[in-house]
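Accompanying notes for the structure given below.
A quick note: this is a predicted structure, and the numbers were derived from the prediction, not measured. Atoms considered below: every heavy atom in the structure, side chains included; atoms not considered: hydrogens, waters and symmetry mates. FYI, the numbering just counts along the sequence from 1.
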Amino acid sequence: MNEIRRGTLQEQTFYEQVGGEETFRRLVHRFYEGVAEDPLLRPMYPEEDLGPAEDRLTLFLIQYWGGPSTYSDNRGHPRLRMRHVPFTVDRAAHDAWLKHMRVAVDELGLSEEHERTLWNYLTYAAQSMINTVD
């Protein structure tokens, strides 16, 4: 969506276009509902409660897509691959992660264009986290 303000064209961020914080909170909450029941992924989250992990991913995605920089303000540079090194992320973990994320994305009801943009990023991110060859 474009908006004219005082003669200048301002482009909304993806974050704004898809509904802002509420959309990303819904996405990540639904994703972690799946993770909580997944025998492969759940052990990768050492905290008793998935809440802290849910909050970290939510804030990361909000920042990545053009929202507030709360993630970096609190945690510094994302360093995603480094943060995942302690965990075995193989093809099976990749597939399980994407399975739960697919359900979460589908439930958002985004436009086809927004859904495709988000899904392309998520599949790229999942692939880049693989650190163990099968």
Grab the two heavy atoms, one from Tyr15 and one from Gly66, that are nearest each other, plus how far apart they are. CB-C, 3.9 Å

For Ala104 against Phe31, the heavy-atom pair lying closest together: CB-N, 3.7 Å

Walk me through whether Phe24 and Val18 qualify under side-chain contact (heavy atoms from CB on, under 4.5 Å). CA-CA 9 Å; Phe24 288 97; Val18 299; 3.7 Å; yes

Polar side-chain atom of Gln127 near backbone of Tyr124 as donor-acceptor pair, under 3.5 Å: no

Test your reading of the model: is there a side-chain donor-acceptor pair from Gln17 to the backbone of Gln12, 3.5 Å cut-off? yes

Is the closest side-chain donor-acceptor distance between Gln63 and Thr70 under 3.5 Å? no

When you check the side-chain N and O atoms of His29 and Arg26, is any donor under 3.5 Å from an acceptor? no

Quick one: sort the Phe14 and His114 rings into parallel, tilted or perpendicular, breaks at 30° and 60°. perpendicular

Does the side chain of Trp119 come within less than 4.5 Å of Arg102's, by heavy atoms? yes

Check: Thr117 and Trp65 side chains under 4.5 Å, non-hydrogen atoms: yes

Are the charged groups of Lys99 and Asp95 less than 4.0 angstrom apart, N to O? no

Salt bridge or not for Arg116 and Glu113, using N-O below 4.0 Å? no

Proximity of Tyr64 and Tyr71 rings by center, below 6.0 Å: no

Test side-chain contact (heavy atoms from CB on, under 4.5 Å) applied to Asp90 and Ile130, step by step: CA-CA 5 Å; Asp90 58 11; Ile130 293 175; 5.6 Å; no

